[in-house]
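See below for the structure under consideration.
Reckoned from all heavy atoms, side chains included, excluding hydrogens, waters and symmetry mates. Just so it is clear, the model here is predicted, and its values are computed rather than measured. A, B, ... follow the sequence lines: proteins, then strands. Residue 1 opens every chain.
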Amino acid sequence: MSIHDLSVPIAVPARSWRDRLGSIVPILVLAPSLAASFVYVFVFTGWTLYLSLSDSTLLPSYGFAGLDNYVSLWSNRRWNIAYTNLFLFSGFYIVGSMAVGLLLAILIDQRVRGEAVWRTIFLYPLAVSFIVTGTVWSWLYNPVDGIQALVRGLGWSDFSFALTSDRNHAIYAVIITGVWQSSGFAMALFLAGLRSVDPDLVKAAQIDGASVVRTYRKVILPTIAPIFLAVAVIQIQFAIKTFDLVAALTRGGPGISTTFPAIYVYDLMFQRGEIGEGAAAAVMMLAALAVVLVPYSLWVVWRRRAEAGNG
Amino acid sequence: MAELAAAIDLEAAAASRRHFWSRFAIYGLLTVFAAIYLIPLLVVVFNSFREQAEIARDGLISLPRTFRLEAWAQAWSTYCIAGTCQGMQRNFLNSLWMTIPATIISTLLGAVNGYVLSKWRFKGSEVLFTLMLLGVFMPGQIALMPWAFVLGKLGLTNSTYGLILVHVVQGISFTTLFCRNYYVGIPDDLIKAARIDGAGFWRIFWKIIMPLSPPILIVTVIWQFTGIWNEYLFGVVFTSGQAQPITAALVALTASGTTARSYDVMSAAVLIGALPPLLIYLFGGKYFVRGLTQGAIK
Amino acid sequence: EPKTNLLHQWATGSDAQAIAKLGEMFEAKGGKWQQTSIAGHTANTLAKLRADVIAGNAPPAVQLKGPEIAEWNKTGMTADLDDLAKAENWEKVVAPELLPVMKPSGKWVAAPMNIHRINWIWASPKVMQAAGVTEVPKTWAEFNAACDKIVATGKICISHSTADWTDSTVFEVVVYGQDLDLYRKAFVEGNVDAMRSDGMVKAFEQFRIMTSKYMDAGMNGRDWDSMSALVGRGEAAFHIMGDWTIGLLTAAGFKEGTDYVCAQAPTDWGKPGFILNSDSVVFFQQKDPDYVEGQKLLASTILSPEFQTVFNQAKGSIPARLDVDLSKGFNPCQQKSQKDLQASIEAGTLVRSMAHNMTIPQKVRGAIMDTITEFVATPDMSAKDAANAMADAAEAQE
Amino acid sequence: MTSQSLSALTIRNLYKSYGAVDVLKGINLEAQPGEFIALVGPSGCGKSTLLAMIAGLESVTSGEIRIGNRLVNSVPPKDRDIAMVFQSYALYPTMTVRQNITFGMESRGVPKADQAEAVKHVAALLQIEALLGRKPGQLSGGQRQRVAMGRALVRDPKLFLFDEPLSNLDAKLRVDMRTEIKKLHNRVGKTTVYVTHDQVEAMTLASRIAVMHQGSVQQFDAAQMIYSRPANMFVAGFMGSPAMNFIPAELGDGAGRPCVTVRTADGGTAALELAQPVPAGAPRNVVLGVRPEHIYRFSDDLKHRKRAIAAVKAPVELVEPTGAETLAVLRFGDLEVTGRFDPDSAPRMGETMTLGIDMARACLFDPTTQSLL
Amino acid sequence: MTSQSLSALTIRNLYKSYGAVDVLKGINLEAQPGEFIALVGPSGCGKSTLLAMIAGLESVTSGEIRIGNRLVNSVPPKDRDIAMVFQSYALYPTMTVRQNITFGMESRGVPKADQAEAVKHVAALLQIEALLGRKPGQLSGGQRQRVAMGRALVRDPKLFLFDEPLSNLDAKLRVDMRTEIKKLHNRVGKTTVYVTHDQVEAMTLASRIAVMHQGSVQQFDAAQMIYSRPANMFVAGFMGSPAMNFIPAELGDGAGRPCVTVRTADGGTAALELAQPVPAGAPRNVVLGVRPEHIYRFSDDLKHRKRAIAAVKAPVELVEPTGAETLAVLRFGDLEVTGRFDPDSAPRMGETMTLGIDMARACLFDPTTQSLL
Ligand SMILES: Nc1ncnc2c1ncn2[C@@H]1O[C@H](COP(=O)(O)OP(=O)(O)OP(=O)(O)O)[C@@H](O)[C@H]1O
Ligand SMILES: Nc1ncnc2c1ncn2[C@@H]1O[C@H](COP(=O)(O)OP(=O)(O)OP(=O)(O)O)[C@@H](O)[C@H]1O
Ligand SMILES: [Mg+2]
Ligand SMILES: [Mg+2]
């Protein structure tokens with residue numbers, strides 16, 4: 001015992017450099033990605049914001065021009081159409097692909113045979129680029145060669161499906177094509193959601209005498225409400241970025257009826273040599289995104305807090 | 001007794017009739033939708049086997065009368081695009097050499113980031129995560145010129161490496177999001193056990209996390225692969241000529257200059273260009289849905 | 001060793017073949033040839049150019065046209081070809097209308113490759129005959145009369161496919177045909193009052209007649225390159241489009257004289273007219289002496305009669321040099337084009353094309369073209385509104 | 001017909017297979033009106049499947065299910081007049097407690113006023129009035145359980161079905177809720193089928209218990225009978241914790257009285273006198289089943305109070321005091337035998353004690369058929 | 001210094017807060033070498049947090065933790081010479097059992113041959129030789145638990161930490177594994193800290209138990225002391241199932257002897273004679289704590305065997321036979337009191353029985369401070 005009596009208390013061991021390194025490894029590992037994302041998100045956006053206030057035309061230049069670019073942008077009919085289109089398209093596209101995706105997911109969830117086959121059929125458009133989608137659908141919408149001609153050839157002579165040639169309806173051609181392409185993704189997410197619903201809930205509703213429709217409406221769908229939000233957010237960012245699809249499908253036409261902000265930004269910056277105004281348009285796109293994203297992020301943070309509070 | 005039995009039979013029969021009609025409706029609807037989804041694909045597939053003359057005569061939508069593979073051969077190896085007449089094979093390979101490394105790198109980075117953000121949380125890591133998330137929403141057009149500047153400074157213009165860099169940086173947000181959400185579901189106890197077992201940061205990552213990751217890695221790889229493969233704008237702007245990816249060649253084909261179109265070759269080209277992602281979905285679709293179910297999206 | 005890298009948008013088909021020819025000649029003269037072809041939208045080429053410039057390595061040679069040459073010239077990044085021009089005496093041989101374009105600030109910075117004629121009308125003799133139209137109409141009044149007859153037989157009168165540049169092509173031909181001065185004021189000088197004038201309203205009125213009565217519904221979904229086939233096949237009577245149509249018609253196997261004929265598009269002022277479009281290559285300053293050497297070699301090659309011949313035979317246009325003999329290997333329409341060019345120079349009616357980006361700055365042109373194509377897509381838009389909208393849109397770009 | 005009309009639930013020869021897998025293999029059960037029946041058995045034995053079939057949530061492969069007088073094989077769940085409480089409670093997470101309770105009535109079109117009345121009544125019965133406005137996520141486990149019961153009760157069904165309603169609760173709450181369910185049943189008196197894999201729950205709640213194993217019912221009898229006269233070694237081993245001790249033994253008659261010989265720790269044997277005569281047709285080698293609480297510290301006093309006590313010496317290998325009682329692991333040949341003692345008379349580790357085995361309560365099994373002799 | 005060197009684990013004034021939330025509020029504990037300590041307490045009281053801090057998985061807010069002689073506050077987990085078994089077992093799902101066991105040794109660079117030797121030894125000890133090639137997904141709950149123990153044992157650590165290792169098992173298996181852990185500890189004799197919220201587990205396994213509540217230790221004492229002399233009403237109520245009955249009572253001295261007066265079901269009162277003198281400073285109103293097993297059916301025979309038995313009449317409200325014993329709910333004023341009876345002498349429902357309360361084992365609490373008097 002005397003040995004112990006004499007033993008000095010082992011001093012708090014100074015943390016070795018290895019331990020210290022160990023504790024910052026996670027931060028070090030994250031750093032490059034963070035730096036890249038930071039540059040990508042903030043520096044790039046900041047630069048664009050700055051350009052939008054500058055007198056840049058053919059090439060970036062850094063003379064301050066105040067809000068001139070914005071004034072000029074908003075006095076442009078084409079931009080107004082593009083911005084209106086964005087909201088019109090986003091609305092229908094999101095609602096459409098969610099509705100179709102949900103319907104498909106519900107159908108597939110009815111324990112159908114050959115589920116994998118159906119799922120693959122509905123999912124494959126996602127694999128195809130917008131360029132290809134746009135090109136192929138532009139053939140289908142072609143009033144002379146496409147579906148309209150085919151159906152009329154079958155004897156239904158009033159049939160009309162020449163959306164891309166009709167100024168007032170061309171936007172719906174873009175919407176339909178967009179829905180065609182992305183509803184499979186919505187389906188996959190909804191299916192994932194439906195599969196995560198406690199089967200006992202459905203059984204309870206069955207015993208409670210609820211019809212299938214009522215069970216979905218009142219019990220299952222409210223339970224997967226967060227999925228709706230996730231799908232909506234993902235689709236919104238697709239909608240706002242819409243570029244390739246329109247470029248390949250209608251090229252913004254007929255007229256300027258299907259111009260979209262992304263196309264307009266691209267045109268201004270590269271074809272027309274109006275970098276300043278193009279940047280202003282880009283900033284307006286970001287603003288549209290922010291309208292959606294800021295409340296969503298707040299909601300996510302709030303939900304995470306709430307979950308942490310419960311768990 | 002007999003009456004009762006009869007009543008029971010009726011009840012059972014009614015039940016099975018209801019069942020039949022509801023099944024009929026389900027399969028009917030699915031078939032209609034499947035047709036809508038498949039028609040565009042079929043049109044292209046058929047056209048790729050038809051002759052241009054036949055397409056010009058019978059229109060774009062029709063069953064093939066002939067079955068020829070010339071269009072495919074032409075699209076692959078002899079059609080003139082971008083000043084050379086070697087079809088799309090070069091572009092196809094370019095796309096592969098760009099897509100595969102970019103997919104692998106961005107997926108790995110996403111996995112590591114997700115690992116840190118879910119299992120090695122530190123003060124402010126949630127904020128950093130939200131920051132990275134913002135990248136998901138950046139429209140590509142905004143980044144075009146800044147990227148040109150950065151690639152120029154790095155000496156990576158006109159090179160596949162430049163494109164790989166662009167796609168990796170743009171992809172990190174998505175891959176990190178997917179992986180983090182998935183890793184959150186892996187019990188923390190596993191990490192604690194491994195720490196007590198003396199494993200460090202990397203050992204835990206490679207030995208514990210990675211073996212558990214296939215479901216999410218498949219989702220991420222599918223997502224990244226299709227996204228990068230199908231990307232067009234950056235491919236066109238940051239590379240040129242023989243270095244361009246296949247989407248650029250496709251656009252060249254479909255938006256041909258002042259010459260007549262060959263729908264047969266275009267169709268074959270469209271299919272060649274869409275084939276790798278299609279195959280990935282065909283074979284990986286099951287895992288994609290499963291991976292999503294396991295929490296890629298939350 | 002001189003070398004070059006040409007950035008251009010002739011990615012496929014005969015365009016690509018024509019460019020390939022340039023490469024061969026360049027190499028034959030001892031240069032090292034490289035090219036970067038960007039397909040599709042012109043914006044893609046310009047995006048690429050801008051990206052390269054921002055990245056700090058401007059390409060040595062770029063296919064650029066009209067006012068853009070001047071705009072890039074203003075940035076001070078273009079190369080100076082005056083020595084070469086003097087040595088090869090370009091001033092004398094190149095069509096005079098091109099000179100202000102190629103030397104926007106008095107110095108040669110670009111080399112023209114060809115001259116396209118825009119105001120062509122391509123006609124189907126069969127269809128005209130069947131409707132009792134004996135010759136290709138010369139004035140817009142004749143044109144309308146002919147069309148009425150043709151439409152009555154159930155054929156399409158004007159084969160068209162709507163897009164901003166096709167709509168604008170036809171429209172500028174109408175304006176030019178109706179009022180030469182108006183064309184110059186509005187589309188060359190970009191005068192906003194001219195755009196708002198009664199003359200413009202009148203042009204829109206004529207254009208409305210054409211779009212609503214003489215064009216078919218199929219124009220909306222149609223690809224632009226199938227328009228000429230309609231004429232060639234005898235399904236439509238006329239097609240108003242530049243001379244690159246020759247390439248399409250030839251490729252489809254149609255013969256001049258039997259399947260189609262070409263003529264100057266209608267003018268109401270009875271003189272030979274010519275709307276000109278020219279493709280050219282602009283040169284940017286380079287540090288690498290090999291590239292500088294290459295630029296000289298390339299410019300000299302482009303302006304050589306051999307190249308001008310081979311290139312334009314493939315493309316349907318005529319040489320930018322006026323001293324090339326077209327009697328061999330050129331299509332009759334091309335020969336006619338060269339004659340008309342000389343004639344219109346003499347008559348003082350030669351103009352550059354607005355629709356094909358030879359006159360006003362891109363942003364103004366874009367705004368004007370937006371209005372034109374919107375007019376086509378909006379059947380109930382009045383001519384007056386259209387003229388006002390065009391003027392407003394152009395004004396907003398100032 | 002008459003016999004059927006007497007019982008609230010009759011199950012005859014019920015089979016269920018999923019493809020090639022037979023999950024239920026000929027189940028026969030019936031419940032008298034107002035009776036509380038428990039289904040117990042290890043995980044995967046088919047309890048939930050059977051319950052789901054009674055509810056109409058799973059189809060019948062063959063056999064029949066009658067509720068009251070009515071053959072319900074193909075009647076949809078909502079028309080069976082049943083209510084069910086799920087293990088997970090399956091409360092609708094997006095609805096308030098009140099909406100959860102009224103959802104079934106709304107589906108059936110019950111007038112609003114009646115709904116409100118019914119909710120009020122049930123809420124009072126279960127003391128959940130204060131919770132009516134909350135959502136399930138805001139309730140504790142016990143409260144959720146009560147709401148799930150409320151949802152079932154409000155239906156006023158012919159038959160109550162419970163699928164392990166307590167297994168998600170912690171030990172303390174489980175005991176409390178068990179008592180509540182028992183009291184509730186005493187009060188409302190509905191026929192109930194209750195699935196559990198906890199045998200204490202089954203014993204305390206049910207008047208009759210069906211012990212299931214691998215898709216068939218091993219024994220269906222009153223709780224006390226199942227505990228004291230298990231039909232076979234599976235039932236004997238499953239019911240009771242710590243489990244019944246099984247000691248291989250040899251029948252014989254020591255000194256004219258029927259007795260069994262068992263091996264002791266010291267390598268020798270001991271003859272234990274049987275309280276009953278040897279059953280006819282018993283094999284020579286048998287298994288003696290003794291419950292831990294029927295092993296005592298031997299004393300003459302004990303011998304006086306209880307008659308058929310056999311004494312054996314056994315070393316104590318392990319002692320586990322649980323507070324109210326003390327368990328001890330005793331060596332018996334090469335077996336370990338668990339005994340349950342009053343802390344006062346508990347053995348100490350290492351001690352070799354003399355045990356008194358209550359032979360009147362011991363069971364004898366045939367080791368080949370595993371059945372009770 | 002001496003006292004420290006004697007103990008295998010010492011915790012002094014340990015605090016832990018997450019932001020503003022104080023989770024541990026000054027914990028003091030120590031374990032002798034080879035001792036088996038249990039931490040019990042309701043969910044959320046901080047048991048896992050304390051264990052994680054001992055393991056080095058959570059940082060220390062203030063206070064100190066010593067393992068043996070060494071202050072380990074900032075020593076990383078791998079250098080603390082500890083092993084831990086998790087509630088979820090935390091077996092690496094993609095590795096075989098063998099790889100699970102050797103993972104730690106590989107991380108430490110132990111030579112292959114030694115690894116194989118160690119695995120062999122541990123596998124034999126736990127009888128998992130046959131499982132070494134399987135993955136965790138292919139194991140039953142009990143087998144997983146054993147593998148998790150194997151992974152801990154192979155380290156041969158100074159200190160074993162267990163975080164509710166049995167709570168994922170079903171009741172039967174839990175009892176078996178509990179016995180195995182006890183035997184294993186008897187054999188290997190390592191200092192062990194064992195977290196559980198099951199008080200039976202704590203009682204049977206540990207030599208000393210720390211009862212925790214809301215981040216502080218309520219009582220740290222030998223198991224039997226905690227059960228028979230709980231420091232306060234929380235400990236008394238938490239340990240034991242069914243819980244100790246708390247009966248409000250009034251101190252007085254009936255016929256010169258110290259006694260307490262309680263209310264009975266018929267509205268009257270009964271005076272119960274105390275076995276001990278009234279503690280000094282006790283308030284007039286007290287709480288009488290009686291464990292269910294200390295309530296008997298009153299008989300003269302009983303009175304003979306045990307001295308301090310007080311008789312009270314009470315109606316029986318509910319009877320719950322569990323097989324080995326029978327619980328009964330008895331009315332006592334407006335309280336319900338649970339008694340635990342031998343099935344032989346169990347009351348019947350509705351009967352009014354005379355109870356014998358074992359006053360020698362009853363506890364008295366101060367209702368204000370809740371502490372034992
Ligand atoms: N849809 C199904 N397809 C195939 N087998 C199934 C299906 N549903 C259940 N089973 C099998 O039927 C058997 C009985 O399952 P059941 O859920 O009834 O068991 P249980 O007794 O309720 O078990 P637990 O106590 O774990 O709830 C199990 O072996 C299970 O694997
Ligand atoms: N990271 C954290 N941040 C904030 N509070 C936490 C955190 N981890 C644990 N807590 C809180 O600390 C308290 C103690 O948690 P702990 O896990 O130690 O409880 P426990 O006694 O192990 O409970 P259980 O029996 O349920 O396992 C809980 O109230 C918990 O909410
Ligand atoms: Mg079950
Ligand atoms: Mg815990």
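- Each of B:Arg203, B:Arg195, B:Lys207, B:Lys192 has some count of heavy-atom pairs under 4.5 Å with chain E, and the biggest count is that of B:Arg203.
- Ring-plane geometry between B:Phe178 and B:Trp223 is classed as perpendicular, the angle between the planes exceeding 60 degrees on a 0 to 90 degree scale with a lower cut at 30.
- Classification of the B:Tyr37-B:Phe33 ring pair by plane angle, with boundaries at 30° and 60°, yields tilted.
- Relative orientation of the E:Tyr194 and E:Phe36 rings is tilted, given thresholds of 30° and 60° on the angle between their planes.
- Annotation: maximal heavy-atom pairing with chain B below 4.5 Å, among E:Ala148, E:Gly104, E:Ala152, occurs at E:Gly104.
- Residue B:Pro187 does not touch chain E at all, counting heavy-atom pairs closer than 4.5 Å.
- In terms of modelled atom types and a separation under 3.5 Å, the side chain of E:Gln127 and the main chain of E:Ala124 share no donor-acceptor contact.
- Because its NZ or CZ atom is both nearer than 6.0 Å to the ring centre of E:Tyr92 and within 45° of the ring axis, E:Arg151 counts as a cation-pi partner of that residue.
- Within the 4.5 angstrom heavy-atom criterion, atoms from both the backbone and the side chain of E:Glu106 approach chain B.
- Using a 4.5 Å cut-off between heavy atoms, E:Arg155 contacts chain B through its side chain alone, with no backbone atom that close.
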